[in-house]
Amino acid sequence: MPLKPTARLELSDIFSACFTRRDGVPVFKQFISGRWVESSDHHAFEVDTPIDSSVIAKVQAATIEDVDRAVAAADRARKSMRDIPAIDRIDILNKARHIMRDHREEFVSTLVLEAGKTPSSATGEVMASLNRVKMTMEEARSVFGEYIPGDWSEDTMAKFALVVHEPLGAIACITPFNYPLFSVVAKVIPALVAGNTVVVKPASDDPLVALLLARVLEEAGIPSGAVNVITGHGAKVGDRLVSRDKIKMITLTGSTAVGKRVASLAGMKKLHLELGGKGAAIVAADADLQLASKKVLEGCLKYSGQRCDAISRVFVEDTVAERFTGLLVKELASWRVGDPRKDGNNMGPLINREAAERVQALVDDAVSRGCKLVYGGKHKGCYFEPTILDYVPASAQIAVEETFGPVATLIRVRNLDAAIELTNASRYGLDSCVFTNSFYTAWRVTKALEEGSVTVNDAPAHGVGYFPFGGNKDSGIGREGVGYSIDEMTRLKTIQFNLAPAGLGKTRQTPKM
Ligand code: NAP
């Protein structure tokens with residue numbers, strides 16, 4: 001029996017097209033081919049808030065036919081989208097940014113409810129999304145293309161080439177639960193800036209803000225079919241979406257398991273995969289331990305550790321490990337877990353009960369293998385205590401698998417070489433950091449780590465995404481970033497001009513010997 005909602009989604013008239021209310025619960029529609037529609041079999045599923053597990057909305061359970069309709073709409077809109085002058089595309093996106101800014105409080109409160117974020121973290125996500133839209137529009141110029149003179153090669157002496165970036169066509173954008181607005185923005189906006197169309201499949205745990213964003217884009221004047229959002233469970237909807245030939249690129253942010261499945265079904269499509277991570281923090285003996293303890297704890301606990309760039313292993317040199325652990329425990333005083341809407345709580349729930357139970361199993365496994373439980377270690381419903389584990393053996397599951405929970409996993413090491421070796425032993429290679437006061441150590445460690453990104457003297461954080469971001473090994477393929485994403489969402493065409501017939505081509509004067 002679902003719980004009664006303890007909080008109501010309060011949305012203004014602009015969003016009334018997206019849903020109807022039944023028994024007081026908003027039932028959201030999907031956005032396909034410029035229309036808000038129910039699923040073809042009129043089946044909807046519940047979205048509940050991890051704050052207290054009550055139902056806050058329902059969304060359509062897309063059918064295979066719905067997926068096909070969305071893909072066909074995106075494919076049809078390809079030409080009109082490509083032919084809109086860039087200045088007009090930018091104009092539409094700029095309007096969308098202003099509408100979203102005017103309604104930012106609704107985005108924040110929806111994020112708090114559906115994802116269990118604190119208002120300050122939800123505000124951070126909305127502001128980062130607004131900034132990402134702005135910066136992506138400004139960066140559009142960086143992909144104008146290139147002029148290449150032919151006279152560097154004997155056989156192209158009389159030619160030159162223009163290398164132009166072209167849109168790919170329909171792009172499938174599949175997003176995870178942890179940044180349900182930002183990850184959609186980071187895919188959809190560069191796709192549209194580059195002249196593509198999209199079919200978005202948001203995570204089933206918190207799909208509402210993606211639908212609100214579609215409504216904002218509609219209001220701003222995006223052509224019909226250029227943006228489509230379907231909701232439904234990944235295994236059914238996702239499989240169908242990624243295997244359609246009319247989809248020309250898949251950009252997925254999610255777990256490695258789903259990434260591998262998508263890659264196996266994709267066929268001849270461009271793939272951009274932002275997948276799981278097992279971020280390490282390496283604390284050198286010469287580090288500023290006060291700074292390191294504050295940043296490491298933040299890296300482990302922010303959004304209850306549900307971040308791909310979370311620190312989920314801490315390698316600390318033996319000689320300073322005792323002091324460092326003591327400082328970490330002191331830092332815990334500034335962390336309070338509970339209903340994220342209540343003042344003073346800076347850590348909310350995990351996304352659902354299964355997630356909390358999975359983290360519990362990882363912690364219990366580590367304890368059963370002899371690690372020391374320094375603090376926390378238990379969950380109640382979706383809420384997991386901030387937890388510190390020390391002397392974790394490298395063989396424990398929590399030292400190997402992605403944690404996605406608020407746990408600082410301390411592994412004591414003899415020296416930095418051991419820390420580097422253990423970090424690189426992971427199948428993941430996304431994001432790590434090192435704390436040291438020595439430039440030489442910073443350089444040595446950052447060069448040696450097989451990660452997509454390494455931060456010195458701070459926890460990994462990517463904010464608006466101005467720097468490129470992405471993983472190696474099982475952490476993914478490709479890079480996201482303000483300009484990098486636009487680049488990934490275009491293909492190159494080489495146009496050659498032969499100047500010889502007009503007598504304008506260069507000829508080579510063979511130098512006299
Ligand atoms: P997930 O379970 O892999 O789901 C991600 C998305 O894929 C959801 O929309 C999901 O839909 C969909 N999906 C599931 N099965 C699919 C299939 N067979 N075909 C196509 N799509 C499918 O991940 P999550 O739990 O939402 O997010 C957490 C994961 O994302 C973590 O592993 C985290 O590290 C990773 N992540 C990586 C980055 C990065 O930048 N590298 C950033 C954020 C998160 P349903 O929700 O309906 O199942």
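Each ligand, and each atom within it, is numbered from 1 in the order the structure gives. The model shown is predicted, which means the values in this text are computed figures rather than measured ones. Numbers for residues simply follow the sequence, beginning at 1. Any value given below was found using the heavy atoms of this structure, including those in side chains, with hydrogens, waters and symmetry copies removed.
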Looking only at protein heavy atoms, which one is nearest to atom 8 (C) of ligand 1, and how far off is it? Thr175 O, 3.3 Å
Which atoms of ligand 1 are found less than 4.0 Å from any heavy atom of Leu252? 7 (O)
So which heavy atom on Leu271 is nearest to which on Ala266, and how close? CD2-CB, 4.0 Å
Atoms in ligand 1 with a heavy atom of Gly238 nearer than 4.0 Å: 19 (N), 20 (C), 21 (N)
Relative to atom 28 (C) of ligand 1, which among Tyr179, Phe469, Phe45, Phe404 owns the nearest non-hydrogen atom? Phe404
What distance do Leu9 atom CG and Leu11 atom CG have between them, rounded to the nearest 0.5 Å? 5.5 Å
Can you tell which part of Asp239 has a heavy atom less than 4.0 Å from ligand 1: side chain, backbone, both or neither? both
Is the shortest distance from a Lys or Arg side-chain nitrogen in Arg261 or Asp239 to a carboxylate oxygen in the other one below 4.0 Å? yes
Mark up the atoms of ligand 1 that fall under 4.0 Å of a heavy atom belonging to Phe177, in ascending order. 24 (P), 25 (O), 26 (O), 27 (O), 28 (C)
Proximal atoms of ligand 1 relative to Pro202 (non-hydrogen, under 4.0 Å): 9 (O)
Geometric N/O contact Leu275 with ligand 1, under 3.5 angstrom: yes
When you measure from the centre of the six-membered ring of Phe384, is the NZ or CZ of Lys378 under 6.0 Å away and within 45° of the axis? no
My understanding is that we take every heavy atom of each candidate and find the minimum distance to atom 29 (C) of ligand 1. Doing that for Ala310, Ala62, Ser255, which one comes out nearest? Ser255
Does Gly232 have a heavy atom less than 4.0 Å from any atom of ligand 1? yes
Atom 48 (O) of ligand 1: the protein heavy-atom neighbour that sits closest, reported with distance to 0.1 Å: Gly234 N, 3.7 Å
For the pair Asp66 (side chain) and Thr63 (backbone), establish whether a donor and an acceptor sit closer than 3.5 Å, ignoring hydrogens and angles. yes
protein heavy-atom neighbour closest to atom 27 (O) of ligand 1 works out as Pro176 CB, 3.3 Å
Please check if any side-chain donor atom of Asp48 sits under 3.5 Å from a side-chain acceptor atom of Ser53, or the reverse. no
How does Glu402 reach ligand 1, by side chain, by backbone, by both or by neither, if only non-hydrogen atoms under 4.0 Å count? side chain
Number the atoms of ligand 1 from 1 as they appear, then name those within less than 4.0 Å of a heavy atom of Val262, with their elements. 19 (N), 20 (C)
Considering only heavy atoms, which of Ser204, Ala235, Cys308 lies nearest to atom 36 (N) of ligand 1? Cys308
Indicate whether any N or O donor in one side chain lies under 3.5 Å from an N or O acceptor in the other, for Ser39 and Lys29. no
N/O separation below 3.5 Å, Asn178 to ligand 1: no
Please report whether ligand 1 has a polar contact with Leu430, defined as an N or O pair separated by less than 3.5 Å (distance criterion only). no
Can a donor-acceptor pair be found, under 3.5 Å and without considering hydrogens, that links the side chain of Arg104 to the backbone of Arg101? yes
Can you list the atoms of ligand 1 that are under 4.0 Å from a heavy atom of Ile174? 6 (C), 7 (O), 9 (O), 12 (C), 20 (C), 21 (N)
Quick one: nearest non-hydrogen protein atom to atom 35 (C) of ligand 1, plus distance? Gly254 O, 3.2 Å
Nearest protein heavy atom under 4.0 Å from atom 4 (O) of ligand 1, yes or no: no
May I ask you to identify, for Val258, whether its side chain, its backbone, both or neither come under 4.0 Å of ligand 1 on a heavy-atom basis? side chain
Can you tell me if Asp206 uses its side chain to pair, donor with acceptor, with the backbone of Pro180 under 3.5 Å? no
Examine distances only and state if a side-chain atom of Lys248 and a backbone atom of Asp245 form a donor-acceptor pair shorter than 3.5 Å. yes
Using 0.5 Å steps for rounding, measure from the CZ atom of Phe435 to the CZ atom of Phe315. 14.0 Å
Any side-chain to backbone donor/acceptor pair from Thr446 onto Val454? Under 3.5 Å, distance only. no
Suppose I only count heavy atoms of His233 and a 4.0 Å limit; which atoms of ligand 1 are within that range? 47 (O)
Minimum non-hydrogen distance to atom 10 (C) of ligand 1, winning option of Lys201, Glu274, Arg261, His462: Lys201
With under 30° as parallel and over 60° as perpendicular, where do the rings of Phe15 and His103 fit, or are they tilted in between? perpendicular
Between Asp474 and Lys260, does any NZ, NE, NH1 or NH2 come within less than 4.0 Å of an OD or OE carboxylate oxygen? yes
